[in-house]
Amino acid sequence: MYIRSYLNQVAGEITERPLPSFSSDSEYFLWKKSKQRQFKKMLGIDTFFNKPRTPLNVTITGTLQSDTHRIEKIYYESLPGLYVTAHLYVPNDVEVPAPALIYLCGHSLSQKINYQDHPRKFAQLGFVTLIIDTIQFGEVQGMHHGTYAHGQFQWISKGYTPAATEVWNAVRGIDLLTERQEVDPDKIGITGHSGGGAISWWTACCDDRIKAAAASSGTGTIASQVRERTIDTHCDCIFPNNPYGWSLIESYALMAPRPMLIISPDRDRNYTIDSVQFVYEKLKALYCDLGCKEKIQLFDFHAHHSYSSASRKAAFSWFLQHLKGEGHHPVSDIDGKREGEEELLVYQGKQPANDESTSVQEWLIALSQQPSITTPQELTAVKENVIQKLKQESFAAFPNYSIPLAMETKQKYFTNEDSWHHTFSIISEYSWRITGFLQGEDMQVSHSPTAIYLQSPGGVDGFKFHHIPMIHDLPSSWLQAMLEVRGVGESAWGPEINWNVRRSLALTGRTVASLRVWDVLRGVQALRSMPEVHPDKIVIAAEKDMTVPALYAALLDQRIYAVILKDPPASQDIPSNPNGNDHLIEMINALRHTDLPQVAGLIWPTKLIFLGNRPKSYRWSEAVHKKLGEPGGAWRVQELAGFNIL
């Protein structure tokens with residue numbers, strides 16, 4: 001199977017998966033409550049929801065007055081050191097607490113200044129409106145385009161997406177509004193365009209204080225994003241972290257039964273209209289089941305990725321109806337009057353000295369720490385916990401049903417009168433076959449120790465030369481095997497699509513490295529079924545990036561005799577180049593629970609062998625093996641010749 005076919009298949013299955021059926025409203029709300037907890041955890045902001053909020057420390061740096069409203073230029077701290085620049089539009093004639101809106105900007109330079117027409121109009125309609133900058137643009141420009149442009153694929157291992165930061169900043173914006181005496185806290189809505197449309201969804205999915213929403217050019221399906229490759233046009237903030245393999249529709253469903261207006265042009269480069277209509281039909285069925293079909297609508301129009309006068313007026317009318325209780329009546333468009341950029345700047349070049357917003361990707365998500373392990377019992381407890389977490393949040397896409405190996409022998413031959421060679425293939429998942437071979441020098445071999453080399457992309461073609469890197473110096477009594485996991489050898493894809501493959505896989509709850517872990521486990525399963533192989537004397541050898549699936553497979557399998565590593569990465573917390581053509585080692589959420597040196601320690605009593613030098617970060621791993629002793633152990637050797645693994 002080709003990688004693009006695989007991606008389309010899994011993305012389609014995820015998208016087509018139906019929402020649960022609910023026998024009552026209460027059953028839906030129980031489901032929703034549970035899914036909301038998961039959704040916050042997916043984003044990595046669950047801890048912030050579960051502890052007291054830090055002070056907002058709202059600072060007003062100036063006020064502009066107009067005939068219909070005033071604009072307060074403010075900034076606030078959504079977390080200590082995480083500053084958000086914003087404008088608060090307050091109608092002049094507010095006599096009682098008024099409904100309020102949060103407006104979220106799309107990816108445009110000078111965001112709140114560029115989008116000022118919207119909060120201006122909402123204020124003229126009687127809504128207190130908070131418009132906030134993102135950390136990508138605005139007055140202080142941080143980073144949204146981690147995997148999109150900068151090769152920051154370690155974000156996936158951290159479970160970090162800028163959606164987490166932007167959602168939390170919006171949640172704290174709700175807090176700010178509820179503290180204002182002009183605002184009715186029970187009548188708060190949210191809207192935005194493009195990236196702001198997507199974050200409007202995700203914020204409303206997290207926070208039920210949002211009573212109505214309208215998302216412009218921010219709605220779609222995973223199947224469409226993968227199939228049409230519209231994911232290639234998207235910033236990282238558009239999608240939540242997806243460890244559980246949710247469809248986007250499952251997330252959108254958390255908005256129900258609150259009023260939701262989906263706005264979409266029919267010629268949007270980033271979201272196909274077919275996918276938007278598919279989402280709408282799925283959600284409309286849910287709203288119908290909940291007895292509120294009138295609370296969800298789709299407004300589509302003929303245009304590119306943009307607003308139109310009609311789409312803006314649809315949003316204005318939506319909030320008038322659902323937050324102010326005003327029926328359908330004509331509403332005018334924006335008046336086109338705009339304030340100057342210099343007048344609207346919040347910081348005026350004087351940003352807070354301790355602003356940490358440009359480095360939020362480094363600290364928002366808490367990463368695992370190396371545990372203290374002094375006894376086998378402590379190691380077992382830590383290992384079981386790590387494996388459980390990884391299965392839930394890094395390897396949830398592993399098949400949970402039995403898949404026949406369907407082993408096929410491709411060729412059997414003698415390389416000379418003293419040695420033999422078997423080439424085979426097995427099904428890893430779906431109809432994807434991976435290839436391997438096994439060779440030895442004893443014609444009557446049975447239950448022999450076996451070393452498996454994980455072929456690296458672009459490595460030596462062992463199938464042609466029968467000379468397997470790293471393990472060719474093992475004693476002749478050993479069997480030697482090579483395994484071509486996905487992206488290697490016959491299943492390889494070109495480096496020109498690595499970037500798309502990596503981002504698309506993460507959207508479906510997978511990564512290249514996690515697929516390879518599964519392939520290694522399947523390869524080990526296949527070799528154990530062969531009478532020539534001793535099932536408990538299997539060694540995995542790998543170098544560079546391939547050491548990552550080797551280590552994780554050994555951790556999950558727990559029967560691997562030894563792991564031989566050459567030039568392993570020091571950590572999974574390292575970036576790739578901007579083209580995404582190196583360090584294909586990310587695994588969703590892995591760094592929340594462990595890292596490569598910890599895995600290397602936790603595989604005890606599997607023996608740990610470094611071929612050549614090893615990064616200093618693995619000193620902890622060696623110390624664990626040394627402390628616990630036999631039957632495990634850790635060695636550093638320059639070559640395998642003369643080294644007795646057994």
Item to check | Cation over ring face, Lys40 and Phe49, 6.0 Å, 45° | outcome: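 Yes, a cation-pi geometry holds between Lys40 and Phe49.
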
Next on the checklist: Less than 6.0 angstrom from the centroid, inside 45 degrees of the normal: does Lys324 satisfy that with respect to the ring of Phe127?
Outcome noted: yes

Between [X] and [Y], does the ring centroid distance fall short of 6.0 Å?
X: Tyr271; Y: His234; answer: yes
X: Phe122; Y: Tyr103; answer: no
X: Trp202; Y: Tyr252; answer: yes
X: His144; Y: Phe137; answer: no
X: His118; Y: His193; answer: no

Would you check if the side chain of [X] reaches a backbone N or O of [Y] as a donor-acceptor pair within less than 3.5 Å?
X: Arg312; Y: Ser332; answer: no
X: Asn92; Y: Asp67; answer: yes
X: Ser24; Y: Glu27; answer: yes
X: Gln321; Y: Trp318; answer: no
X: Ser504; Y: Val501; answer: no
X: Ser34; Y: Trp31; answer: no
X: Asn242; Y: Trp246; answer: yes
X: Ser311; Y: Ser308; answer: yes
X: Glu77; Y: Gly81; answer: yes
X: Ser157; Y: Trp155; answer: no

Using distance alone, with no hydrogens and no angle criterion, decide if [X] and [Y] have a side-chain donor and acceptor under 3.5 Å apart.
X: His593; Y: Glu393; value: yes
X: His302; Y: Asp266; value: yes
X: Ser194; Y: His107; value: no
X: Thr134; Y: Gln111; value: yes
X: Ser251; Y: Trp201; value: no
X: Gln225; Y: Asp232; value: no
X: Asn354; Y: Tyr83; value: yes
X: Thr230; Y: Asn270; value: no
X: Asp300; Y: Ser264; value: no
X: Ser108; Y: Asn114; value: yes
X: Thr358; Y: Gln141; value: no
X: Arg70; Y: Thr63; value: no
X: Ser224; Y: Thr221; value: no
X: Lys350; Y: Thr61; value: no
X: Asp355; Y: Ser357; value: yes
X: Arg592; Y: Tyr160; value: no
X: Asn589; Y: Ser394; value: no

Side-chain touch [X]/[Y], heavy atoms, less than 4.5 angstrom:
X: Leu298; Y: Val279; value: no
X: Lys121; Y: Leu125; value: yes
X: Pro99; Y: Phe319; value: no
X: Leu56; Y: Glu179; value: yes
X: Leu79; Y: Leu364; value: yes
X: Tyr148; Y: Trp499; value: yes

Measuring from [X]:[atom1] to [Y]:[atom2], what's the distance to the nearest 0.5 Å?
X: Arg172; Y: Leu130; atom1: CZ; atom2: CG; result: 12.5 Å
X: Leu261; Y: Lys295; atom1: CG; atom2: NZ; result: 14.5 Å
X: Asp46; Y: Gln36; atom1: CG; atom2: CD; result: 13.0 Å
X: Ile174; Y: Ile190; atom1: CD1; atom2: CD1; result: 5.5 Å
X: Asn241; Y: Asp236; atom1: CG; atom2: CG; result: 11.5 Å
X: Lys112; Y: Gln116; atom1: NZ; atom2: CD; result: 10.5 Å

Taking the basic N atoms (NZ, or NE/NH1/NH2) and the acidic carboxylate oxygens, is any pair closer than 4.0 Å for [X] and [Y]?
X: Arg17; Y: Glu250; result: yes
X: Asp117; Y: Arg120; result: no
X: Arg53; Y: Asp175; result: yes
X: Lys313; Y: Asp333; result: no
X: Lys158; Y: Glu362; result: yes
X: Arg209; Y: Asp186; result: no

Item to check | side-chain hydrogen bond (donor to acceptor under 3.5 Å, both in side chains) between Glu356 and Ser359, intermediate numbers included | outcome: CA-CA 6 Å; Glu356 300 289 345; Ser359 62; 3.3 Å; yes

Checklist entry - So which of Val96, Leu88, Val128 actually passes side-chain contact (heavy atoms from CB on, under 4.5 Å) with Glu182? => result Val128

Checklist entry - Taking it one step at a time, do Gln152 and Gln154 satisfy side-chain hydrogen bond (donor to acceptor under 3.5 Å, both in side chains)? => result CA-CA 5 Å; Gln152 302 293 309; Gln154 77 275 19; 2.6 Å; yes

Checklist entry - Any chance NZ of Lys211 has more than 12 other-residue heavy atoms, nucleotides or ligands included, within less than 6.0 Å? => result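 Above 12, so yes.
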
